[in-house]
Amino acid sequence: RKPTSPKHVAMWRRVPLRHACRAVSTRRAPVRQKSGVVASRGDYSPPVSRRGAAAPLMLPTYLADARGVERFDSISKPDGVLQLSVAENQMLTDLLVPKLRAISAAPLADGEAAGLFEAPMIYYQQTHGMPGCRAAVAGHLTRVLSGGEYAFDPDRLIIGAGCNAVLENLIFTIADAGEGVLVPRPYYAAFEFDLAARADVQVLPVSIKRGGFEAASYYPTPESLEAAYWSAFSRGITPRALLLSSPNNPLGFCYPEEVVRACWEWCESKDNLHLISDEIYAGSVFRETPEGQPPWTSLASVAARLERSLGDRAHIVWALSKDFALSGMRVGALYTENDAIRTPLQKLNDLAQVSSSAQAIVERLLSDPAEASTLAMLGDGTGGSSVGSTRSHSYTWAQVMQHENCRRLNNRYEKLTAVLDAARIPYLPAGAGLFLWLDLRAWLEPTHVPIRNGDSDVPITIAEATMDAANAQAERALYLRLIHDFGLLLTPGASMRTEAAGFFRCVFSAADDHAFEVALQRFVKLGSSPRIAT
């Protein structure tokens, strides 16, 4: 007779008891499926794990909404919804596609045929990135992020499958499960998924907003960070990092140098607290000091001006998804000078390694000289800059592309803000990134807004930072009205843990030129509609 208990299995097979328990657990009785049909023993399949089921729930709902609405099409669906909620840049196709095709058809080094792929690329590569790709990215970061002030070392770069992948791996190496990462509110909604889904780290929303509707009211201060830090400890959560997004998503501005420096100094005053600077929009700064915006300042530039290195507890992440509109290529970079985490990062990158062909494309994109044809195509469209009249070998293709990207972003910004001003729709003046932060509280149904007082009541967990039911319902109602009555799908502030209802992010680069002109007309319609609150 076959044994049926773990103890008997252990004696019969002479295996450890824990293995016997596993053996017995696999011999299941018939399982009743959701359909109500009893499955046979051989048909049994386990349910989704708790963490597997929880992962999709961490993503913001507006991403599902963006996929589910009937999208605008100038021919087949002219009354469709304009998707202005997902941070993509759809204005550079005419520059990117010809360049990518030219790179793919380039002659091989051995001269045998046309094509990008070299023979050695079929084998395993260094997990943190091919040397040529890392050198090209390091050169680009030195030029764009630090303006030449700080030299990025290719050997301290990790090239991974997108900014979220390298960020997740970094968090995995500096924080343990259950610890936290401080993030000033409002913030990029998917941070909550990126940091928690697998690394199991808690996002700690930091309350920043101080009266008024200007950029300075959103700047983190040592006082606000200190209150959040100790609020986390009071709940049994150890903060391990402060994550800054500069240029800021969703607010569209750059943190001034003194703000970045103060945040870094505050982090260094704490035990084992890291500073992570997400600089994914560094090449999309289109308005600076002359337009009343703070100049772009990388964390690397702050280090250079202090005549010091970044050290073990300051890290920078960047990707091609935004500045190069290559969100589908999945190439991101982490720069860290922490030798202790380099080996773990390289090994973790096995799960997020970029293909050798994609790395070869990136190397060419960032290092190829600008072709005369590209400069001729841009012509006077460079806004009077010397780029349009300089010999092609003086600039790389990436430099010319960045210049044109910023020119187009600024053009869109000027058109959109002119319409918003005329329609009396408030917004936060911006100068970087792909978006504008709109104040639509005038169209929000009035509701009670709870007021928190005192440092002892500082909200710090996601649950505490989640908008109360009444405000969330009012904002959701406005969000749906924008979709159904005005054909505008914007990013709701609640998904970004904003501190009050009625704020929305508008991604003005997420549409082609014709769709953008339609969006302007729809904002005019919104502005002329009745306001509920004044």
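In what follows, residues are counted from 1 in the order of the sequence shown.
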Could you list the donor-acceptor pairs under 3.5 angstrom formed by side chains in residues 482-497, with sequence neighbours left out?
{"from": "T491", "atom 1": "OG1", "to": "S85", "atom 2": "O", "distance (Å)": "2.8"}
{"from": "T491", "atom 1": "OG1", "to": "R505", "atom 2": "NE", "distance (Å)": "3.2"}
{"from": "T491", "atom 1": "OG1", "to": "R505", "atom 2": "NH2", "distance (Å)": "3.3"}
{"from": "S495", "atom 1": "OG", "to": "P492", "atom 2": "O", "distance (Å)": "2.7"}
{"from": "R497", "atom 1": "NE", "to": "E192", "atom 2": "OE2", "distance (Å)": "2.7"}
{"from": "R497", "atom 1": "NH1", "to": "T466", "atom 2": "OG1", "distance (Å)": "3.2"}
{"from": "R497", "atom 1": "NH2", "to": "E192", "atom 2": "OE1", "distance (Å)": "2.9"}
{"from": "R497", "atom 1": "NH2", "to": "E192", "atom 2": "OE2", "distance (Å)": "3.4"}

Under 3.5 Å, which donor-acceptor pairs link side chains of residues 157-166 to any protein atom two or more places apart or in another chain?
{"from": "N164", "atom 1": "OD1", "to": "R330", "atom 2": "NH2", "distance (Å)": "3.1"}

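Between T173 and P344 the shortest heavy-atom distance is CG2-CB, 3.9 Å. Taking all atoms of both residues into account, the shortest heavy-atom contact from A325 to N89 is CB-O, 3.2 Å. Smallest separation of non-hydrogen atoms from L273 and P239: CD1-O, 3.5 Å. Pairing each heavy atom of L95 with each of M401, the nearest pair is CD1-CG, 4.2 Å. The nearest pair of heavy atoms linking T417 to L436 is CG2-CD2, 3.9 Å. Here the closest non-hydrogen pair linking E88 and S327 is OE2-OG, 2.8 Å.
Y427 and D421 share a side-chain donor-acceptor pair at under 3.5 Å. Side-chain contact check for W296 and E288: no donor-acceptor pair (N or O, by modelled atom type) lies under 3.5 Å. S224 and T221 share a side-chain donor-acceptor pair at under 3.5 Å. Using modelled atom types and a 3.5 Å distance limit, the side chains of Y281 and D323 yield no donor-acceptor pair. T336 and H315 share a side-chain donor-acceptor pair at under 3.5 Å.
Between E337 and R313 no salt bridge is recorded (no basic side-chain N to carboxylate O distance below 4.0 Å). Taking the charged nitrogens against the carboxylate oxygens, E179 and R240 do have a contact shorter than 4.0 Å, which makes a salt bridge.
A side-chain donor-acceptor contact under 3.5 Å links E499 to the backbone of I208. In terms of modelled atom types and a separation under 3.5 Å, the side chain of E168 and the main chain of L195 share no donor-acceptor contact. Between the side chain of K77 and the backbone N or O of E70 there is no donor-acceptor pair closer than 3.5 Å. In this structure, the side chain of Q353 does not engage the main chain of D350 through any donor-acceptor pair within 3.5 Å. The backbone N or O of P247 sits nowhere less than 3.5 Å from a side-chain atom of E279 that would complete a donor-acceptor pair. E257 places no side-chain N or O within donor-acceptor distance of the main-chain N or O of T297, the cut-off being under 3.5 Å. Looking at R441, its side chain never comes within 3.5 Å of a backbone N or O of F503 through a donor-acceptor pair. Side chain of Q83 to backbone of V86: a donor-acceptor contact under 3.5 angstrom is found. Of the possible polar contacts, one joining the Y150 side chain to the L310 backbone as a donor-acceptor pair under 3.5 Å is found. Under the 3.5 Å distance criterion, the side-chain polar atoms of S298 are matched with a main-chain donor or acceptor of A300.
Proximity of P530 to W443: side-chain heavy atoms (C-beta onward) are nowhere separated by under 4.5 Å.
When the options F152, W318, Y335 are evaluated for a ring pair (Phe, Tyr, Trp, His ring centres under 6.0 Å) with H140, the one that passes is W318. Partner of C263 under the side chain to side chain contact (heavy atoms under 4.5 Å, CB included) criterion, chosen from L182, V302, L225: L225.
More than 12 non-hydrogen atoms from other residues, nucleotides or ligands lie less than 6.0 angstrom from CZ of R143. Within 6.0 Å of CZ on R261 lie no more than 12 heavy atoms contributed by other residues, nucleotides or ligands. Surrounding CZ of R51 are at most 12 heavy atoms belonging to other residues, nucleotides or ligands under 6.0 Å away. Atom CD of E265 is surrounded by more than 12 heavy atoms from other residues, nucleotides or ligands within 6.0 Å.
Shown here are the salt bridge (Lys or Arg N to Asp or Glu O under 4.0 Å) partners of R412, two or more places apart in sequence or in another chain: D513.
Using the six-membered ring where Trp is involved, Y255 and F253 have ring planes that are perpendicular, over 60° apart on the 30 and 60° scheme.
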Check the pair F508 / F435 against ring-ring contact (aromatic ring centres under 6.0 Å, His included), numbers first and verdict last. CA-CA 6 Å; F508 56 77; F435 22 73; 7.7 Å; no
For L326 and V331, run side chain to side chain contact (heavy atoms under 4.5 Å, CB included): C-alpha distance rounded to whole Å, both residues' side-chain angles, the deciding distance at 0.1 Å, then the answer. CA-CA 8 Å; L326 292 172; V331 180; over 6 Å; no
Please report the C-alpha distance between V260 and S277 in whole Å, then the side-chain angles of each, then the deciding distance to 0.1 Å, and finally whether the side chain to side chain contact (heavy atoms under 4.5 Å, CB included) criterion is met. CA-CA 9 Å; V260 178; S277 186; 5.9 Å; no
L242 and V181: side chain to side chain contact (heavy atoms under 4.5 Å, CB included), yes or no, with the steps? CA-CA 6 Å; L242 168 63; V181 176; over 6 Å; no
Starting from the C-alpha separation in whole Å, work towards a yes-or-no answer on side chain to side chain contact (heavy atoms under 4.5 Å, CB included) for L204 and V183. CA-CA 6 Å; L204 304 173; V183 190; over 6 Å; no
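Here F172 contributes atom CZ and L351 contributes atom CG; the two are 9.0 Å apart, rounded to the nearest 0.5 Å. Rounding to the nearest 0.5 Å gives a distance of 9.5 Å between CG of L167 and OH of Y188.
For K415 and F516, the positive end is not near the middle of the six-membered ring at less than 6.0 Å and at most 45° from its axis.
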